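The structure appears right after this line, and notes come after that.
Naming: A, B, ... by sequence-line order, numbering from 1 per chain. The shown structure was predicted, so the numbers you read here are calculated from the model rather than taken from an experiment.
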Amino acid sequence: MEDGNSEVSRSDRRTMLKALLSGAAVTVAGCSGNQGGESTETDASDGNSGIEQPTDADVSDGTDMAGTTVSTDTGEFAITFTQGAGAVTLDPHNHSTPETYDAHAAVYEQLLFVDGGGDIQPMLASDWERLDPLRVKFTIREGVTFHNGDELTPEDVRYSVKRVADDDFGIVSPQSTSYRNITGFEINEDENSIILETEAPDVLLVRKLANGLPIVSKNFVESNSEQELATTANGTGPFTVTEFEEDNIFVAERFDDYWGWPWLTEQGFPQVTEFTMEAVPESSTRASRALAGESDITNRIAAADYDRLGDLLELYQTDRYEYMKMKAGVEPFDSVEVRKAFNYAVDLETLNETFFDGQALLAGQPIPPFWVGHNEEIEPYPFDLDQAQELMSQSPYASDEIELELHTAVGALASDLDITQAVAGMLEEIPNVQVDVVERDFASLFSTLRGPIDGKPDFYRSSTGGSPGEAIAGKLERMFHAEGSGTLWEDEETTQLIDEAKEATTIEERAEISKEAAQVIHDKAPDIFLWWRPSAIALSDRVAYEPFTDESFYMQLVEDARGDN
Amino acid sequence: MSFNRFAAKRTGHGVLVLFSVVAVLFSIRFIYPGDPAILIAAPDASQEVIQSIREDMGLNEPIYVQFFDYMAGLLRGDLGTSYVTGTSVSNQIVGRLPATIELGVAATVISIALSIPFGVISATNRNNRIDSVVTISSLVGVSTPNFWLGIILVLVFPVALGILPTGGREFGLYEAFSILFTTGDVSAIITWVQHIILPAVTLGTYYTALLTRLTRNGMLEELGQLYIRASRAKGISETLILYKHALRNSLAPLLTILGLQIGRLVGGAVVIEEVFYWPGVGRLFINAIRNLDWPMVQGTLLLTALAIVGANILVDISYAVLNPEVEYQ
């Protein structure tokens, strides 16, 4: 396969832009009488984004802006990353889109980090300690600087947490839910540490901080307007942004003064020297881009393109749980027999073979196998139509004609409509059941599902991903607690177990309670449990990359597979 | 009616149409299901957070307050702030507009450059093999969905043949020319052409086919006129008859069609920009719809309406200028 055309092309573009800027600079210098030939661009390298800034890495053709021959850096490893959508902002606290998280993950850093195995690693906090049920102490790493040269301080951490958690502190952050309970801050400058205090015990605080809340520079944020912050970036991460256009293109190059995260590589620096993240909304074009050698990592490959991508294709398991949700408080879903009958009536194996080449992990509970709290004793409901009919005959609705509407978003996930229609057909094998599939626009269905329970459809298909790595922090509370934002039932037993898990101080204890809750959920079947979906990416032969199960991407972890570097 | 009064009247109608468009667009956001605040919030967002976002975006204000705020902003040239990106809608549209204009103009230029010769050749070879080929080709061109054609072209040229990029826009035309004039380097222009050629051909195919048919029909009509026979009888050369007299007179209806097709061109550009990830206004619009980013939806649609209304006014005026028999009414 050829090396990326677009990479070359973009590199050419940047070289030419520099030449253009150089011409302008020479003109200005000439007008102002500056004959010294000093590069005005070099003086402007303040680490801000949104402006093309020259570095050694840019001078890939051996010529600098003034036309002088310079040595070419043979250690260049520029890659192209193709996404379905682009980053929408450079403000790390004012968005909630996955592609923006992916872009920001290379530029901003958090106190802690959840690695691919679900373990918590130190990042900007070199150490942490739970002092009591309300307080956690974080020791802030020394010698870390932001891209603009500001040194990281505990005050920056306090400011970042406040900015996300507190609506009256600059912005209303879409990410605030997990952090709104942090109300106390105690900075110890001698120890370079900060104690975060929650208003009520929150045993998951450390994991929540490992899943998000990028740290920003207080000085930088305070000296820029909200609109300026949307188009300029200043993190502590291994890359600085050099070009950005909302929902289109995001280019970042390696930050030379990066502090060097030991977990990242032996030297603490990424192998990638520059990456370009480009938004290509049409799935067929994304696959074509990979085939044409224009993209090193191509995300969100549709099943229709699997065959033509051949060896470039890589399927990987995600923790995205897919299900059909039933509103357990309304007819006929108030009957556990009906809910279980529906689970027995769905032939998961056939669906898996048909739509995922048998690559999906079939589910009998919402907690993925690689999360704390997964109950390994629970098996998926087997396909057993006789059992389904038997359960239906035992239900209060045995003699009723059950007519249902099954709502599904179209276009959110691959084969959305086909899968839903196949499930509807299987349910109709139960003699008194009739299911009409209702196709919904993604935006309207999604906003309904996250609104009040009364407005939600009684029966719908959806999915949930995320990176908590622990059952209680992710799927259980949100989807099955009586007050969870994604719940459709109010089951006392499950809610009580979830509350207990939230108060358990050790991870082992939480795991045991979560497993118990998973068993209750399996037995009471508020969902038709489908699977944890596999996802597909295309990788060029220039790169090696191990995708994370939460479908997030880290350009700092991409390895050079060219062999001679 | 004088020309000035005619132009003023047409422009007044245009302003009324635009106002109606704004009012209708604003109404749609209250009928359309879905809550932008929910889409903006993180998946685990509580109702409290969603309420805060609604409050922050001004969505809790009464409808009439939101409408008057929006209209007041419009009069100041402010289209509002995007719910999703937090930046000015006007700035984003202005940033993307050159890409869409380049695409539309390139498609139109390709269409005109191909359709007029094809139409003339077809008309002058009426009912022979050349005419049949042109007629069938134009029928296929009119019938081909441009979304499908775009995907096929990507499969053929960048993937199978390894020539031309799959899409994107490395340079704007202005940027490319600036580089050319500053450095003398033509490669930026070449890069621009390489990137725009597939989307422009895809978008232009329908218009090429349509205009070819119209040119052919117009030419046949003109060639049957008495003045053409008289010209031939006077011994005027066939080239002069074809291109100076017949073609010129058949162009006026083409102009009308071109103007009327602007809306379709913009609609086509939305699809083409998705297929070729061309960073124009069309992609802004599609993403805005997906995210219920109403200020952006309104801004892009208002711009489209402005383009259509403006093009039609221009067509009306130029038609009246080109054809003195048309009265200013």
Beyond-backbone contact of B:Ile286 with A:Pro281, side-chain heavy atoms, under 4.5 angstrom: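 Counting from C-beta outward, B:Ile286 and A:Pro281 never come under 4.5 Å.
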Side-chain heavy atoms of B:Glu274 within contact of A:Val280, under 4.5 Å: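 SC-SC contact between B:Glu274 and A:Val280 ruled out.
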Where do [X] and [Y] come nearest, in terms of heavy atoms and distance?
X: B:Thr87; Y: A:Gln227; answer: CA-OE1, 3.7 Å
X: A:Ser173; Y: B:Val49; answer: O-CG1, 4.1 Å
X: B:Arg283; Y: A:Asp247; answer: NH2-O, 3.1 Å
X: A:Glu294; Y: B:Pro165; answer: OE2-CA, 3.3 Å
X: A:Val172; Y: B:Ser52; answer: CG1-CB, 3.6 Å

Need one label for [X]: side chain, backbone, both or neither, based on atoms under 4.5 Å from any heavy atom in chain A.
X: B:Ile53; result: both
X: B:Tyr32; result: side chain
X: B:Thr81; result: side chain

Engaged part of [X] at the chain B interface, taking heavy atoms whose separation is under 4.5 Å:
X: A:Ser288; answer: both
X: A:Arg440; answer: neither
X: A:Glu245; answer: side chain

Option among A:Arg286, A:Arg289, A:Glu282, A:Glu278 that satisfies the side-chain hydrogen bond (donor to acceptor under 3.5 Å, both in side chains) test with B:Tyr277: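 Exactly one pass, corresponding to A:Arg289.
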Main-chain N/O of B:Gln92 paired to A:Glu246 side chain as donor or acceptor, under 3.5 Å: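 Between the backbone of B:Gln92 and the side chain of A:Glu246 there is no qualifying donor-acceptor contact (under 3.5 Å).
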